[in-house]
Amino acid sequence: MSKPKVLAIAGPTASGKSELGMALAESFGGEIVCMDSMQIYRRMDIGTAKPTAAERAKIPHHLVDIREPDQAYSVAQYAEDAKAAISNILARGRVPILVGGTGFYLRALTHGLHLGGVPSDPKLRERLKDEAGDAAGRKRLHERLQTVDPVSAERLHINDVARVSRALEVYELTGNPISALEQPAYDSPYEFLIFGTELERAALYSRIDARVDRMMADGLPDEVKALLGEGISPRAQAMQGIGYKELVPVFSNHDPLEHAVSDIKRNSRRYAKRQLTWFRRDNAVHWLDMAEKTVHTQAVNIAKAFLEGTNA
RNA sequence: GCCUUGGUAGCUCAGUCGGUAGAGCAGUAGACUGAAAAUCUACGUGUCGGUGGUUCGAUUCCGCCCCAAGGCA
């Protein structure tokens, strides 16, 4: 008995994932499951390049606008939500298509991360974050981890505050080191065909620049201003998104807008690079050259063979 | 036309009292198990504007030329 088939489109920002997703959805009666850590937030439309109302009217999109901007979210939550969405789509005889650039989320689905069942503790995180404010504090945290969980301390760099904190968090919450958590073999309930969207670096970067300029013209500053106006904290997870965190000081500190714009472009480039690193590591990814005129057709043909089970 | 100050890594610049050079930013590669658009790690050779000269040796000193900025006419 074969597993249900799921399509996925991963790749760097601004490389054309959404358009490809729409094309595949139209060809196969598919529905899109958002795989993006920022598009889950409501009222963050421009900066996240969220699918438009027209696109969403044409093809159902899942897991978009499922959180308020002041709420937290996590991979574990995503894995749960995505599985529910996929089951729902499959149950109606449609094809689920994951579209997005969050590598960690994809990995949680394909490699089935066993996330330990230890949810985060916001207050504890705040405390650890404050303590990690200077070099001495970071050293102290790492030393503490060394005594309670030497295995994790060994592989975590002192400056990697997010991970050192998480390891300490798990220990403080459960009394067990994170490195000792059970990680049984995982067998994904789905069979995936993963497309990776690729472009020559220079072309990708100029697309990113153009997209950022368009976002600014479309009113990204007003979007950020509105979020701040409704009381969303600059420390909120949602406000760490690229395009948001850079614009906050324009309003809170009268920083020049042009600096924010160039920072957004630079951070988007770096982000695209990190995304590429993530997806390149997965050798199941079927790369597509997005500069080719016929990519959509190529992808449709490959997906067709996959869905019909005729792929060898 | 003359004077002055510059011309060194993609950019901004430092430096070599003559022994072929280094920071920041940009960039590149990588990691990633409940923050992931987050967090972190590693990586610095370039006709030192061109050309002659002095010298064992010149990016460094001298001459000339080119370019840029400013000033004087």
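- Counting non-hydrogen atoms under 4.0 angstrom, A:Arg280 reaches the backbone sugars and phosphates but no base.
- Between B:A42 and B:U16, the two P atoms lie 29 Å apart (nearest whole Å).
- Across all strands shown, nothing is found opposite B:U45 as a Watson-Crick or G-U wobble partner with both distances under 3.5 Å.
- Pair check for B:A69 finds B:U4; Watson-Crick or G-U wobble, both atom distances under 3.5 Å.
- Across B:U47 and B:C40, the matching P atoms stand 34 Å from one another, rounded to whole Å.
- Across all their heavy atoms, A:Phe279 and A:Gly100 have their closest contact at CZ-O, 4.5 Å.
- A donor-acceptor contact shorter than 3.5 Å links the side chain of A:Gln237 to the backbone of A:Tyr73.
- As a whole-Å value, the separation of A:Arg155 CZ from B:U39 C1' is 13 Å.
- Between the side chain of A:Lys50 and the backbone N or O of A:Met44 there is at least one donor-acceptor pair closer than 3.5 Å.
- Residue contacts shown for A:Arg201 are limited to sugar-phosphate atoms, with no base heavy atom under 4.0 Å away.
- Counting only heavy atoms from C-beta outward, the side chains of A:Val75 and A:Tyr105 approach each other to under 4.5 Å.
- Pairing for B:G19 is with B:C56, a Watson-Crick or G-U wobble pair whose two hydrogen-bonding atom distances lie under 3.5 Å.
- Residue-level contact check: A:Gly243 touches neither bases nor backbone, having no heavy atom under 4.0 Å from any strand.
- Regarding A:Asp121, its CG atom lies at a distance of 11 Å from the P atom of B:A35, rounded to whole Å.
- No donor-acceptor contact under 3.5 angstrom links the side chains of A:Tyr41 and A:Gln71, judged on distance only.
- Taking atom P on both B:G53 and B:U60, the two are 14 Å apart, rounded to the nearest angstrom.
- A:Asp45 places its CG atom 16 Å from the C1' atom of B:A37, with the value rounded to the nearest Å.
- Residue A:Ser120 is classed as a sugar-phosphate contact, given heavy-atom separations below 4.0 Å to backbone atoms only.
- Residue A:Tyr205 places at least one side-chain N or O closer than 4.0 Å to OP1 or OP2 of B:U28.
- Straight-line distance from the CG atom of A:Asp209 to the P atom of B:G27: 10 Å, rounded to whole Å.
- Between B:A69 and B:C64, the two P atoms lie 23 Å apart (nearest whole Å).
- Side-chain atoms of A:Glu246 do not come within 3.5 Å of backbone N or O of A:Ala260 as any donor-acceptor pair.
- Residue A:Leu156 is out of contact with every strand shown, counting any heavy-atom pair closer than 4.0 Å.
- Judged by distance alone with a 3.5 Å cut-off, no donor-acceptor contact links the side chain of A:Arg166 to the base of B:A35.
- For the C1' atoms, the distance linking B:U12 with B:C48 amounts to 16 Å, nearest Å.
- The distance between atom CE of A:Met239 and atom P of B:A36, rounded to the nearest whole Å, is 15 Å.
- Separation of the P atoms belonging to B:C65 and B:C2 is 8 Å when rounded to the nearest angstrom.
- A 3.5 Å limit on both hydrogen-bonding distances identifies no Watson-Crick or G-U partner for B:A36.
- At the heavy-atom level, A:Thr102 lies under 4.0 Å from the strands shown only through sugar-phosphate atoms.
- Between A:Gln237 and B:A36 there is a side-chain polar atom (N or O) within less than 4.0 angstrom of OP1 or OP2.
- Base pairing analysis places B:A9 opposite nothing; no Watson-Crick or G-U wobble pair with both distances below 3.5 Å involves it.
- A donor N or O paired with an acceptor N or O is found under 3.5 Å between the base of B:A37 and the side-chain atoms of A:Asp36.
- Remark: the separation of the C1' atoms in B:G7 and B:A14 is 15 Å, to the nearest Å.
- Among the protein residues, A:Tyr41 comes within range of no part of the nucleic acid, since none of its heavy atoms lies under 4.0 Å from any strand.
- When heavy atoms are screened at a 4.0 angstrom cut-off, A:Arg270 is found touching the sugar-phosphate backbone but no base atom.
- In this structure B:U51 sits in a base pair with B:G63, meeting the Watson-Crick or G-U test at under 3.5 Å.
- Rounded to whole Å, the separation between the P atoms of B:C61 and B:U8 comes to 16 Å.
- Nearer to the 5' terminus of RNA chain B, by closest-nucleotide assignment, is the contact made by A:Arg269 (compared with the other of A:Trp278 and A:Arg269).
- Between A:Lys265 and the phosphate of B:A26, there is no side-chain N or O to OP1/OP2 separation shorter than 4.0 Å.
- Residue-level contact check: A:Tyr105 touches the backbone only, with heavy atoms under 4.0 Å from sugar-phosphate atoms and none from bases.
- Picking from B:G34, B:A31, B:A37 the nucleotide with the shortest atom distance to the side chain of A:Thr277 gives B:A31.
- A distance-only check finds a donor-acceptor pair linking the side chain of A:Gln240 to the backbone of A:Pro234 [under 3.5 Å].
- Checked by atom type and distance alone, the side chain of A:Glu169 pairs as donor or acceptor with a backbone atom of A:Asp121 at under 3.5 Å.
- Separating the CD atom of A:Gln240 from the C1' atom of B:C40 is a distance of 16 Å, rounded to the nearest angstrom.
- We find that CD1 of A:Ile208 is positioned 15 Å from P of B:A26, with the value rounded to whole Å.
- With B:U41, B:G27, B:G34 as the candidates, the nucleotide lying closest to the side chain of A:Pro119 is B:G34.
- Nucleic acid contact for A:Tyr73: sugar-phosphate only, since backbone atoms but no base atoms lie under 4.0 Å from a heavy atom of the residue.
- A:Lys273 comes within 4.0 angstrom of a nucleotide base, judged by non-hydrogen atoms across all strands.
- For the pair A:Ser74 and A:Arg266, both in contact range of RNA chain B, the more 5′-proximal nearest nucleotide belongs to A:Arg266.
- Judged by distance alone, with hydrogens and angles left aside, A:Arg163 brings a side-chain donor or acceptor within reach of the base of B:A36, the pair sitting under 3.5 Å.
- In terms of modelled atom types and a separation under 3.5 Å, the side chain of A:Gln77 and the main chain of A:Ser74 share no donor-acceptor contact.
- Rounded to whole Å, atom C1' of B:A38 lies 12 Å from atom CD of A:Gln275.
- Distances shorter than 4.0 Å separate none of the side-chain N or O atoms of A:Asn267 from OP1 or OP2 on B:A37.
- Nucleic acid contact for A:Thr13: none, since no nucleic acid atom lies under 4.0 Å from a heavy atom of the residue.
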